[in-house]
Structures are given as C-alpha cells and as structure tokens.
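Notes follow the structure.
Numbering of ligands and ligand atoms starts at 1, following listing order. The first residue of the sequence shown is numbered 1, and numbering continues consecutively from there.
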Amino acid sequence: VALCEAEEAPPACSRPHVGESRFNWKLFWQFLRPHLLVLGAAIVLALGAALVNVQIPLLLGQLVEIVAKYTRDHVGSFLTESRHLSTYLLILYGVQGLLTFGYLVLLSRIGERMAVDMRRALFSNLLQQDIAFFDAKKTGQLVSRLTTDVQEFKSSFKLVISQGLRSCTQVAGCLGSLSVLCPRLTLLLLLATPPLVGVGTLMGSALRQLSRQCQEQVARATGVADEALGNIRTVRAFAMEHREEERYGAELEESRCKAEELGRGIALFQGLSNIAFNCMVLGTLFIGGSLVAGQQLTGGDLMSFLVASQTVQRSMANLSVLFGQVVRGLSAGARVFEYMTLSPCIPLSGGCCVPREHLRGAITFHNVSFSYPCRPGFPVLRDFTLTLPPGKIVALVGQSGGGKTTVASLLERFYDPTAGVVTLDGRDLRTLDPSWLRGQVIGFISQEPVLFGTTIMENIRFGKLGATDEEVYAAAREASAHEFITSFPEGYNTLVGERGATLSGGQKQRLAIARALIKQPAVLILDEATSALDSESERVVQEALDRASAGRTVLVIAHRLSTVRGAHHIVVMAHGQVCEVGTHEELLKKGGLYAELIRRQALDAPAPEVPR
Ligand code: ADP
Ligand code: MG
C-alpha cells in the first residue's frame with residue numbers, strides 16, 4: 001500500500017516525454033548477455049574474413065608481377081610458376097566465403113533471438129501498464145514499437161557487427177599494406193580522402209533526413225487508409241468513400257514527390273561517387289605509373305596498391321552509411337527500451353485475496369475524490385460516498401458525463417482514487433490482489449461489449465481460462481445466449497468477426513454477459529448494459545441481467561430510468577457527488593432531481609427513439 005501511495009502523487013502520464021529518451025545500455029546488455037559466446041564466435045569469424053580481405057590485394061600484386069615478368073621475358077612456364085600463388089588465392093577466396101557465411105549465420109541467429117526476447121519483454125511490460133498510460137498513448141504507436149522499431153534495431157545491430165567490424169579492420173589493414181607498398185602514394189591518397197568523405201557524409205545525412213521524411217509520409221498515408229478501413233461502417237454510413245479516397249490519394253501523391261526527390265538524391269550521390277572513385281583510380285594509376293616508369297615502384301605493387309586502395313574506399317563508404325544506421329538503430333532501440341523499464345502504479349497482481357466462502361461483496365466508497373491522471377486539474381468525483389450492501393442491487397443514475405463510468409473504473413481498480421478509499425468487505429482495494437479482484441470478484445458488463453475475433457466458445461471462455469465446455473454452456477444459458485448460439489450452423493464454433501462485427505448488438509451483449517457470468521462474480525457492474533440495444537433485445541438482455549443479479553452485489557449504471565425501478569437503492573449523482581439516495585417511491589415523493597429526471601423522460605417517452 002505504501003508503494004501505491006508513494007507513487008500516487010506524480011501520475012505517470014501527466015509529464016509528457018519531451019524529446020527522445022536515451023538509449024538504455026544496461027538493458028541492452030541484458031538482452032545481449034545470453035548470446036555473448038555466439039557473438040564472440042561471430043566477431044572472430046568476421047575479423048578473420050576481414051584479414052583475408054587484406055591479404056588478397058597483396059597476392060594479386062604478386063600474381064601481376066609474375067604476369068609482367070612473362071610478358072617481358074617469355075622464358076620458363078608461367079603455369080608452373082603461378083600455380084602455387086593461384087591455388088593459394090583460390091583457397092583464400094574459399095576461406096573468405098566460408099568465414100562470411102559463418103558470421104552472417106551466427107549474427108542472424110543472435111539478431112532474431114534478441115528480437116524475439118525484446119518483443120516478448122516489451123509486450124509483457126506494455127500489458128502491465130496502467131489504464132492511464134493507455135489513455136495517453138496511441139495504440140498504433142505502441143504497436144510500431146513492437147514491430148518497426150525492434151526490426152530497425154535488429155538490423156542496425158547486425159550491420160554494425162558485420163559491416164562495421166569488417167570495414168574498420170579492412171581500412172586499418174589495407175592502410176597498413178598501402179604504406180608499406182608506397183608511402184608517398186599513400187600520403188597523397190590520405191590527403192584526398194577527407195574532403196571526399198566529408199562531402200559524402202554531408203550528402204548522406206541530407207539523404208537520410210529525406211528518407212526519414214519519406215517514411216513518415218508513408219506512415220501518414222497508411223494511417224489514413226487504416227482509419228478508413230477500420231471504420232468502414234461509419235465511412236459507408238456517411239457516404240464518405242470518395243473523400244477518403246481523395247485524402248489517401250493526396251497523401252500518396254505527397255509521398256510520391258518525397259520518394260522521387262529521394263530517388264534523385266540517391267542517383268546524384270551514386271553518380272558523383274562513381275566519378276570520384278574512378279578519378280581516384282585514374283589518379284593512382286597516373287601517379288603510380290610515373291613512379292613505375294621511374295623504377296621506384298614495381299607494376300605488381302601498383303596493382304596491389306590499386307586493389308587495396310579500392311578496398312579502403314569501399315570500406316569507408318560503408319562506414320559512412322553505417323554511421324547513419326547506428327544513429328537510427330540507437331533511437332529505435334531507445335524507443336523499444338523506454339517502455340520496458342516503465343513500471344505501473346497499479347501492479348497486476350500481489351496483495352491478499354479473500355476465500356470465496358468468506359466473501360460477502362460489500363462495497364463502500366469513502367469520501368472518494370478523483371481526477372483522471374491525464375487531466376489532473378479536472379475533478380470528476382468530489383468527496384463521493386456510496387455503499388453497495390452485499391447481495392443488493394444499487395442503481396447509479398445521473399447525467400451523461402457525470403462520472404458514473406468513472407465510479408465503475410475505480411471499482412475495477414483501473415485507477416486509484418486521488419483521495420479517499422474504496423473498500424471490499426471493509427478492506428482497502430489497494431491491499432487486495434488486483435488480478436483476483438478483476439478476475440474472480442467483479443463481473444463487468446459495459447455499454448459496448450468488445451469481443452475478440454475468434455469463436456464464440458473462446459470469447460466466453462475469456463472470462464475464465466480453463467473453463468470446461470459445460471461451464472461455457474451453463475454461462476450461455478444463464479445469459480439467454482444458448483438459443484441463438486445453437487441456431488448458428490457452426491454453433492459455439494462460430495467466428496464472431498473482428499471485434500464481434502458479425503453479431504447483432506443484443507447477441508454481442510449476451511455473449512459479454514455470459515463471459516462475465518462464467519467467473520461467477522460476487523459483484524456485478526452493469527454500465528448502461530442495455531442502452532445501446534433496440535427495445536426487443538433490451539427486453540431479452542434485461543431478463544438475463546435480472547436473473548444474473550439475484551444473490552449478487554450489483555451496481556447498475558443507467559440513464560434510462562425505467563431499467564432501475566426495481567433496484568433496492570437508487571443513487572442520483574450530480575457534479576461528481578451523490579445528491580439523492582432512496583428507493584424509487586421515496587425519491588419520487590421527495591420531488592428532487594430524480595423526480596425531475598423521471599418527469600423529463602416521461603415526456604420524452606412517446607417520441608420515437610432517436611439514434612445517438
Ligand atoms: P458517465 O459515465 O457518467 O457518462 P464518465 O465517468 O464516463 O461519465 O466521465 C466523467 C468525466 O470524466 C467526463 O467529463 C469525461 O470527459 C471524463 N473522462 C472519462 N474518461 C476519461 C479518461 N479516460 N480520461 C480523461 N477524462 C475522462
Ligand atoms: Mg458512462
């Protein structure tokens with residue numbers, strides 16, 4: 001409890017993250033540690049491949065030397081003399097290929113395993129976050145941390161180890177050979193390199209920025225399509241297909257412009273770097289050639305020099321690309337790790353449970369005040385006091401936006417009160433195990449039930465993992481759902497579509513009731529459970545609810561007052577406080593807010609139902 005109270009004061013979502021968070025090296029180390037052995041092997045193989053690459057230019061030079069000798073002298077057998085060297089080169093090529101194969105396989109193994117571990121850890125930690133966290137975040141962004149960011153981090157990691165290690169070794173090794181072969185030429189080459197690398201890096205960073213803009217634009221276009229397809233019913237109902245088409249088209253057009261710009265940039269970069277590389281080759285040949293002519297260098301050494309300098313240049317180009325990749329990988333990693341270390345104020349489990357036979361189901365709100373963490377200055381409940389006696393039905397009525405659902409959320413412990421306590425059988429909710437509370441004590445049925453895109457059977461079983469088929473049937477019968485389910489050709493194995501889209505509102509609601517009843521909850525919360533239904537389904541669902549309410553502590557939230565007449569107590573809420581309590585008759589007699597609400601609804605009643 002102390003922990004909860006200590007963390008209560010600064011709500012996590014009231015301080016928005018400004019800028020990017022830092023990369024968490026410690027966490028990264030934890031993911032890397034199980035793979036250190038394999039990583040070591042990969043590094044050794046990669047270094048080996050790089051060292052072989054450094055050898056190759058020198059051997060090629062020697063081969064050219066032999067060729068040159070035979071073009072001059074034409075004595076002896078070229079084949080016998082070169083056979084040794086060629087065989088050696090062939091072996092080196094083979095070894096190089098094998099080493100490359102080896103380290104790439106090892107790296108991909110490490111990368112994939114780390115990605116799986118990271119996704120698991122992130123998903124598990126996301127699932128544990130407070131509801132307040134999800135109020136403040138967009139689902140799409142959370143999902144993209146699981147997918148795109150992990151992907152990006154993984155490929156950066158692999159690239160850094162393979163390319164980075166290889167390029168650095170090759171640059172160092174080849175520079176060494178160069179300076180041995182011809183110090184003067186090496187010096188000239190070193191002088192020419194920094195300006196070229198500088199220009200290349202500048203262009204590269206401009207291109208990367210452009211590429212990021214491209215990706216963002218593509219994401220924006222995808223967002224438009226996603227929203228339209230996800231809300232196709234609303235789009236259809238407003239005949240907005242054409243407008244959505246245009247919106248998507250405009251975003252696509254924008255992204256095409258950006259992508260073409262990027263394409264032109266890349267083309268320019270490639271063209272210029274080709275010219276630069278070729279000029280370097282020509283320059284080396286020219287200056288080196290004059291050295292050969294002056295007998296200061298052999299032709300073979302010049303050949304070695306050319307190949308080695310090409311290796312240096314290619315490696316440097318790789319390194320500059322790699323630098324951008326490292327930056328992107330680190331920021332992707334930072335996004336992945338950010339939510340891995342976030343701990344919720346309300347843990348998922350931990351605390352005491354009350355054995356079922358001792359559970360009475362008495363609930364009290366003692367002077368509870370509450371404002372949502374993402375709207376701290378806006379009090380929703382003020383000094384709210386309410387008692388739900390065990391086994392009784394209490395109705396909570398009041399205007400829309402008055403805080404009724406908030407009361408239910410506090411009871412489910414989606415949030416903790418800002419002040420005051422909520423108790424179950426006299427115990428502070430904060431001392432109880434939240435997963436026991438939600439999973440076994442409270443059944444919650446809301447206005448818009450959300451089903452999962454699987455079978456009816458699985459949806460009902462969601463309320464109690466490991467429930468037998470018999471238990472599922474019993475719950476469905478109790479919720480008046482068995483009949484319509486068995487009327488489907490596939491029965492309990494009928495797929496309900498995404499979010500239950502293939503069922504009617506009343507059918508969905510009855511499945512939701514079955515899902516809540518299967519856990520045999522001691523406390524039932526009905527939050528406007530029938531208000532989205534037509535009057536025929538309302539009658540069926542209401543019957544099921546009345547049956548389910550017997551013997552349970554029930555909180556009925558309703559704005560349609562006809563549904564709460566039978567409640568033992570009716571509580572009228574206004575401005576986040578309780579303003580009247582009593583039975584239907586008492587409150588009518590009192591002539592207060594409730595009587596006024598009844599009078600208004602009676603006036604409205606004859607009018608046809610207006611869809612909201
Ligand atoms: P009711 O169920 O009585 O219609 P609610 O409890 O849903 O009312 O909402 C009470 C007030 O709290 C409203 O002003 C609403 O805007 C605000 N509110 C509801 N849910 C949230 C939330 N998740 N974050 C911030 N404010 C919320
Ligand atoms: Mg509500």
Side-chain angles (χ1 to χ4, degrees), residues 8 10-16 126 129-139 141-142 344-346 363 365 368-386 388 394-420 422 429 438 442-450 505 508-509 512-513 516 524-533 538 541 545 554-564 567 569-581 593-594 596-597 600-601 604 610-612:
E8 223 171 28
C13 60
S14 68
R15 44 186 152 89
L126 281 177
Q129 293 309 307
D130 292 326
I131 298 291
F133 171 86
F134 294 98
D135 286 347
K137 299 284 185 283
K138 277 192 183 161
T139 326
Q141 285 172 355
L142 298 181
C345 299
I346 306 175
I363 286 166
F365 284 68
V368 168
S369 297
F370 180 71
S371 48
Y372 280 96
C374 54
R375 253 185 243 160
F378 178 73
V380 178
L381 298 183
R382 282 173 247 202
D383 212 16
F384 178 84
T385 298
L386 172 73
L388 309 182
V394 173
L396 191 59
V397 302
Q399 275 156 354
S400 167
K404 302 185 296 295
T405 300
T406 307
V407 170
S409 301
L410 289 178
L411 192 49
E412 277 268 30
R413 222 175 149 219
F414 288 162
Y415 308 90
D416 277 336
T418 324
V422 184
L429 279 198
R438 296 169 188 141
I442 298 178
F444 183 74
I445 294 163
S446 72
Q447 177 173 0
E448 283 160 22
V450 173
K508 259 195 288 191
Q509 193 59 289
I513 294 171
L524 202 56
I525 305 173
L526 310 174
D527 187 358
E528 317 232 10
T530 57
S531 60
L533 304 180
E538 182 182 356
V541 171
L545 288 177
V554 184
L555 177 65
V556 189
I557 295 173
H559 71 266
R560 204 175 300 166
L561 301 178
S562 55
T563 54
V564 303
H569 296 285
I570 297 173
V571 176
V572 186
M573 253 186 108
H575 310 296
Q577 279 175 319
V578 173
C579 65
E580 284 177 349
V581 185
L593 192 58
Y594 182 78
E596 169 68 18
L597 286 174
R600 252 191 270 158
Q601 287 202 351
D604 291 345
V610 187
R612 272 160 298 130

Kindly indicate whether the side chain of E412, heavy atoms from C-beta on, has any atom under 4.5 Å from the side chain of S409.
no
For Q577 and F384: C-alpha separation, side-chain torsions, deciding distance, then whether side-chain contact (heavy atoms from CB on, under 4.5 Å) applies.
CA-CA 5 Å; Q577 279 175 319; F384 178 84; 5.6 Å; no
Output the distance between atom CZ (F378) and atom CZ (F370), rounded to the nearest 0.5 Å.
11.5 Å
So CD1 of I525 and CD1 of I442: to nearest 0.5 Å the spacing works out to 5.0 Å
Atom CD of residue position Q399 - does it have more than 12 heavy atoms of other residues, nucleotides or ligands inside 6.0 Å?
no
Any heavy atom of R375 under 4.0 Å from ligand 1? The part involved is side chain
Using a heavy-atom cut-off of under 4.0 Å, does the side chain or the backbone of M573 touch ligand 1, or both, or neither?
neither
Around [atom], find the nearest protein heavy atom and jot down its residue, atom name and distance.
atom                   : answer
atom 6 (O) of ligand 1 : T406 OG1, 2.5 Å
atom 3 (O) of ligand 1 : K404 N, 2.8 Å
atom 8 (O) of ligand 1 : G403 N, 3.2 Å

Which ligand 1 atoms, with their elements, are less than 4.0 angstrom from a heavy-atom of [X]?
X    : result
G402 : 1 (P), 3 (O), 8 (O)
G401 : 1 (P), 3 (O), 4 (O), 8 (O), 10 (C), 11 (C), 13 (C), 14 (O)
Q399 : 3 (O)

Answer with yes or no whether E528 contacts ligand 1, where contact means a heavy atom under 4.0 Å from a ligand atom.
no
Can an N or O of F378 be found at a distance shorter than 3.5 Å from an N or O of ligand 1?
no
Taking both backbone and side-chain atoms of C374, is any N or O found less than 3.5 Å from an N or O belonging to ligand 1?
no
If I take every N, O or S atom of T405, is at least one of them less than 2.8 Å from the Mg ion (ligand 2)?
yes
Considering only heavy atoms, which of T405, D527, D135, V380 lies nearest to atom 23 (N) of ligand 1?
D135
To which of Y415, Y372, F134 does the heavy atom nearest atom 20 (N) of ligand 1 belong?
Y372
Which residue, L524, L526, V541, forms the side-chain contact (heavy atoms from CB on, under 4.5 Å) with I513?
V541
Could you check whether the rings of Y372 and Y415 sit parallel, tilted or perpendicular, using 30° and 60° as the cut-offs?
perpendicular
With a 3.5 Å distance limit and no angle check, can you tell me whether Q601 reaches the backbone of L561 through a side-chain donor-acceptor pair?
yes
D527 and S446: side chain donor to acceptor below 3.5 Å:
no
